[in-house]
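I have placed the structure first, in the form of structure tokens, so that the comments after it can refer back to it.
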Amino acid sequence: MPRTPLLSVENLHLSFGSHQAVRGLSFDIAKGETVALVGESGSGKSATALALLRLIEREGGRIAGGTITLHGAPALELSALSDRQMQQVRGNRVSMVFQEPMTALNPVMPLGEQVAEVLRLHQRLDAAAARAAAREAFERVKIPEAERRLDQFPHELSGGLRQRVMIAMALACRPDLLIADEPTTALDVTTQAEILALIRQLQDEIGMAVLFITHDMGVVAKIADRVVVLKQGEKAEEGPVEDLFARPRAAYTRQLMAATPKLGSGAPKPLRRPAAPVLTVENLAVRFPIRRGLLPGGHLDYHAVNGVSLSIAPGETLGLVGESGCGKSTLARAVLRLVEPSEGRLRLKGQDITHLDASEMRPLRQRAQMVFQDPFASLNPRLPVRDLITEPAHIHHRLSRRDRRALAGELLEKVGLESEAADRFAHQFSGGQRQRLCIARALSVRPALIVADEAVSALDVSVARQVTDLMARLQDEEGVSFLFISHDIAVVERVSHRVAVMWAGQIVETGPTEAVLHNPQHPYTQRLLSAVPVPDPSRRDDRRPSLAAPQPPRLLLRARQAPARAEMVEVAEGHFVAVQDRARALLFGTPPQGPREDTHGRAATLTPRRTQLDRV
């Protein structure tokens, strides 16, 4: 049966100055259909999305040729409309969910007012009716305590809730077409699964079409009806999602498939733990004081990290996973003393660094370096690369100009870049190349430990594969250890010797990667793994059990009041699971959520051996 198109893009050409970002792109989207637009960074995906809403002109680009037709009553040639005419289309017939809600939402306007503004503009509602409709929009996307959230500001919500607000705003006027530009890239797998299910549910309710832009092939397999593959601004392939995954015709598509991490592809073998770990963390806690009002009883503490113990051996990678807000980044900063611990003990290369002041810590910082999630924000845009990547070495060793230039060339070659790039600036590199620069900078002082905080989460699959392969090679050559933080569990499996699962400020399960990811024992670990998207459209309708989220402990408490801490019990060699008390652990002879099998078909049980106290 022929499809009736809702949107038709014909021979589209997009330019930014003399650079042609998109060349001759054509595709259709039918009513109720989900089309995935995939490709590497720089392939033209986001430029296409901006062109459909005629926002590309505001980013310095232009539509150099082709047509964009929105069918319906009336049919509109979007590329020919004025900006005033487009205002009646944006948010009304076509809406967009942006990748980063914190930059898309107004930071000084209450969230309810931002949604109500769209309703007043397009549906001519008065203030009271618009507020009521905004509350209904929040409830539709399952935002808890919708009435209270209307008066909150973006910074007061988690990343997942802010993304739900963006979706509520985009769907407030029940558009014909939703453009979703990487809406789940920065989200953990549980929040991502909720957002994808929400979009599918709302799509079924109001019959809208969706253009879903992503580099995650697991997400594509889960939601798309058809796929359009872009390479360097041109369409490489287009087809139904089942055909494209089963029989990709273009070599570029096959390359994307091969680079996609798949859970179950294997993990590095655990290392034999030597006597002296690089990093030892014992019962670490981080609390942030919060004051409400002027009364003495208004002091509260937010317990971001609560009683965490872990260790990392020389040449080992410990993967740290968990949902947004669980305390991963706070823990990462605390172990480097970028955030002050409230209690506990830290040892770096055997030296206690818990209470060292800034001057005492400075010479020790060369032993541990950090690679941040956003490389562009962490690189000084006014410094040439030779100064950027050698700055730590210069601080610690006072290198001459000649030595810095020689070191810069050596570091660039080590991370797979040309030494001639030393005179360029950060903005002249791609995202993956900038992440390589950050790794080169960290390596300039030959550290024993690198903390990589979501270092590949914003990169497309092929570039992320290159960066993680680089980290593995450097680990073999330099013997460096990694604390690898990521919400992409398949990537964590590929690079990690051991895995620690964090939830509500605590480590709830830790052990060899194979044991934790393929025989999970804690209810939260089970739920986390059940939400991982599978890059296989034939398994889209697999009825994996929908595991309920365990009730987390309260983290916002009165001052000097501490949340409950679970005890870590060893259930297999090196495999520890958190339980609330020792008596409960001794009774655990069956799985905590009923019968379950691991990936090898064995019954999974929790049989305690000993606690973690003597193992850290």
Side-chain angles (χ1 to χ4, degrees), residues 263-284 307-322 328 331 335 344-347 350 448-449 451 472 475 479-486 489 491-503 506-526 528-529 565-580 582 584-586 588-589 591-592 596-600 602-616:
L263 190 61
S265 298
K269 293 182 179 180
L271 303 180
R272 291 184 176 180
R273 182 177 296 278
V278 171
L279 176 70
T280 303
V281 179
E282 297 180 20
N283 294 319
L284 187 73
V308 167
S309 297
L310 56 86
S311 63
I312 304 177
E316 181 181 46
T317 297
L318 174 66
L320 184 63
V321 300
K328 302 188 301 297
L331 174 61
V335 299
R345 179 174 294 180
L346 296 168
R347 287 192 180 93
L449 172 70
V451 177
Q475 189 169 56
V480 66
S481 302
F482 285 95
L483 176 59
F484 187 83
I485 300 172
S486 179
I489 297 177
V491 173
V492 168
E493 179 188 38
R494 189 169 67 199
V495 304
S496 303
H497 301 92
R498 290 186 301 120
V499 169
V501 180
M502 196 167 186
W503 175 62
Q506 302 183 43
I507 301 295
V508 296
E509 188 161 357
T510 183
T513 302
E514 284 286 336
V516 174
L517 299 187
H518 299 290
N519 190 19
Q521 301 289 342
H522 194 276
Y524 175 73
T525 311
Q526 296 169 11
L528 198 67
L529 293 171
R565 290 185 180 178
E567 183 181 15
M568 299 296 288
V569 172
E570 189 176 36
V571 297
E573 181 63 33
H575 187 179
F576 293 87
V577 182
V579 293
Q580 286 301 319
R582 183 65 173 166
R584 181 182 170 205
L586 293 173
F588 260 132
R596 186 179 52 80
E597 291 188 347
D598 68 7
T599 55
H600 304 289
R602 299 187 297 258
T605 61
L606 183 59
T607 306
R609 292 156 56 98
R610 52 178 168 162
T611 67
Q612 195 181 16
L613 298 177
D614 297 329
R615 296 294 300 272
V616 174

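In this chain, residues are counted from 1 in sequence order.
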Problem set entry | Side chain proximity check, Gln526 to Glu509, heavy atoms < 4.5 angstrom | no

Problem set entry | Residue pair Thr317 / Phe484: nearest heavy atoms and the distance that separates them | CG2-CB, 3.9 Å

Problem set entry | Nearest heavy-atom neighbours spanning Pro277 and Pro314 | CA-CD, 4.2 Å

Exercise. How far does CG of Leu529 sit from CG of Asn519, to the nearest 0.5 angstrom?
Worked result: 10.5 Å

Problem set entry | Point-to-point distance, once rounded to the nearest 0.5 Å, from CG of Leu346 to CG of Leu279 | 7.0 Å

Exercise. Does the side chain of His522 reach to within under 4.5 Å of the side chain of Val501, using non-hydrogen atoms?
Worked result: no

Exercise. Has the side chain of Glu493 got a donor or acceptor atom that lies under 3.5 Å from a matching backbone atom of Gly264?
Worked result: yes

Problem set entry | Leu284 side, atom CG; Arg345 side, atom CZ - distance, nearest 0.5 Å | 12.0 Å

For this session: Report yes if some heavy atom in the side chain of Leu318 is under 4.5 Å from a heavy atom in the side chain of Leu320; otherwise report no.
Result: no

For this session: Step by step, work out the side chain to side chain contact (heavy atoms under 4.5 Å, CB included) result for Leu310 and Leu331.
Result: CA-CA 11 Å; Leu310 56 86; Leu331 174 61; 4.1 Å; yes

Exercise. How many angstroms lie between atom NE2 of His497 and atom OG of Ser481, to the nearest 0.5 angstrom?
Worked result: 9.5 Å

Exercise. Would you say the side-chain atoms of Gln521 pair up with the backbone N or O of Val571, donor to acceptor, closer than 3.5 Å?
Worked result: no

Exercise. Within the side chain of Ser309, is there an N or O that forms a donor-acceptor pair under 3.5 Å with the backbone of Asn283?
Worked result: yes

Problem set entry | From NZ (Lys269) to OG1 (Thr513), nearest 0.5 Å | 13.5 Å

For this session: Over all heavy atoms of both residues, which pair between Ile489 and Leu263 is shortest? Give the atoms and the distance, please.
Result: CG2-CD1, 4.0 Å

Exercise. Would you call Phe576 and Ile507 a side-chain contact if the rule is heavy atoms closer than 4.5 Å?
Worked result: no

Exercise. Shortest non-hydrogen contact from Val335 to Val451?
Worked result: CG2-CG2, 4.4 Å

Exercise. Do you know which two heavy atoms are closest between Val321 and Val492, and how far apart they sit?
Worked result: CG1-CG2, 3.6 Å

For this session: State, with a plain yes or no, whether a side-chain heavy atom of Val495 is found less than 4.5 Å away from one of Gln475.
Result: no

For this session: State, to 0.1 Å, how close Glu514 and Gly266 come at their nearest heavy-atom pair, and which atoms those are.
Result: OE2-CA, 4.0 Å

Seminar exercise, completed: d(Arg498 CZ, Ile312 CD1) to nearest 0.5 Å is 7.5 Å

